[in-house]
Amino acid sequence: MGKNQDISKFLIRAQEEERKKIARELHDEVGQTLTAIKINLEILKRKLPPDLIPYIEESISLIDKSIEQIRDISLNLRPSLLDNLGLKSALRWYIEKQKEKSGIDIEYILDFEGESFSSDHSIVIFRIIQESLTNIIRHSKAKRVLLNIKENDEELVINIIDDGIGIDVEGVWQEVKEGRALGILGIKERVELLQGSLEIESEKGKGTKIKVILPLR
Ligand SMILES: Nc1ncnc2c1ncn2[C@@H]1O[C@H](COP(=O)(O)OP(=O)(O)O)[C@@H](O)[C@H]1O
Ligand SMILES: [Mg+2]
């Protein structure tokens, strides 16, 4: 493996470590503080004259919202599920959450064991799904998504198919070259570091298919 690839691998690991740290601090520190403020407000609420109560109630619901936002941000930065329960549960949780949020019909098959995957592999697979689904929700106007991850003898095959507006494949590769399509560039770099391949197929108006093959051994 070349020197540049060593550096990329190092940088991606460093970025993942940093994300993990920020996620934990956000969740543990800021989350705790907000919860403490909320408890204080609940106590105050009982002592206040009735005309002030709506203000406290509004503040409490703003805090609830912030607590939820912080949980979402830290889960997206680094799902602790990935470390605690493993790739499959983390993916299931993530997909269900996106499904619920977007209203898109996401059908998925997670046909792999995963216990033997290196943590580099698990993170890359999770990031691929995360970026692809985010793209679908943000850009595609799709109604349906089929997501299939299948483990064969020596490799993992990931297919993510949507029925949205489609993508100008050559245009996107050009953007990747120029360092503009950062999401797809991120997928490509991570996949190549694991000696895998990324293919994008699309026809205008007929949706998009992302195919990733990752060698496992
Ligand atoms: N599933 C999709 N359907 C339609 N267009 C897509 C899809 N995925 C990506 N794109 C297009 O490819 C571009 C590049 O994607 P990406 O690199 O993730 O950048 P970003 O999401 O930040 O715009 C997007 O701006 C969008 O135009
Ligand atoms: Mg994107």
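Each residue takes its place number in the sequence, starting with 1. Just follow the structure's listing: the first ligand is 1, and inside any ligand the first atom is 1.
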Only heavy atoms of G166, strictly under 4.0 Å: list the atoms of ligand 1 that pass.
4 (C), 5 (N)

Less than 4.0 angstrom from a charged side-chain N to a carboxylate O is my criterion; do R13 and D120 meet it?
yes

Residues K21 and E17 bridged, charged N to O under 4.0 Å
no

Identify the closest protein heavy atom to atom 3 (N) of ligand 1: which residue and atom is it, and at what distance?
S140 CB, 3.3 Å

Separation between CG (L156) and CZ (F117), nearest 0.5 Å, reads 4.5 Å

Among protein heavy atoms, which lies nearest atom 22 (O) of ligand 1, and at what distance?
R138 NH1, 4.2 Å

Heavy atom of the protein closest to atom 8 (N) of ligand 1 (residue, atom name, distance):
N135 CB, 3.4 Å

Approximate separation, where rounding is to 0.5 Å, of T134 OG1 and N76 CG:
7.0 Å

Opening angle between OD1 in N135 and OE2 in E131, taken at the Mg ion (ligand 2), to 10 degrees
100°

Using the side chain to side chain donor-acceptor pair (under 3.5 Å) rule, take E170 and Q174 through it: C-alpha gap first, then chi angles, then the decisive distance, then the call.
CA-CA 6 Å; E170 278 182 20; Q174 189 56 35; over 6 Å; no

If we set the cut-off at 4.0 Å for heavy atoms, which region of L182 has an atom near ligand 1: side chain, backbone, both, or neither?
backbone

So which protein heavy atom does atom 19 (O) of ligand 1 come closest to, and at what separation?
G183 N, 4.1 Å

I want to confirm something. Looking only at heavy atoms, which of I167, I187, V169 is nearest to atom 9 (C) of ligand 1?
I167

For atom 20 (P) of ligand 1, what's the nearest protein heavy-atom neighbour? Residue, atom name and distance, please.
H139 NE2, 3.6 Å

Applying a 4.0 Å heavy-atom criterion (strictly less than), which segment of V172 is in contact with ligand 1: side chain, backbone, both, or neither?
side chain

What I want to find out is whether R127 reaches E16 closely enough, with some N-O distance under 4.0 Å, to be called a salt bridge.
yes

Among protein heavy atoms, which lies nearest atom 17 (O) of ligand 1, and at what distance?
I184 N, 2.9 Å

When you measure from the side chain of S132 to the backbone N and O of I129, does any donor-acceptor pair fall under 3.5 Å?
no

Any salt bridge between D72 and K97, counting N to O under 4.0 Å?
yes

I'd like to know if the side chain of D163 and the backbone of K143 have a donor-acceptor N/O pair within less than 3.5 Å.
yes

Within less than 4.0 angstrom of ligand 1, does G186 place any heavy atom?
no

Please state which protein non-hydrogen atom is closest to atom 1 (N) of ligand 1 and give its distance, to 0.1 Å?
D162 OD2, 3.0 Å

Rounded to the nearest 0.5 Å, how far does NZ of K47 lie from CG of L52?
15.0 Å

Would you mind running through ligand 1 and noting each atom that sits below 4.0 Å from a heavy atom of T208?
3 (N)

Is E131 close enough to touch ligand 1? Criterion: a residue heavy atom under 4.0 Å from a ligand atom.
yes

Show which atoms of ligand 1 fall inside a sub-4.0 Å distance from at least one heavy-atom site of A181.
14 (C), 17 (O)

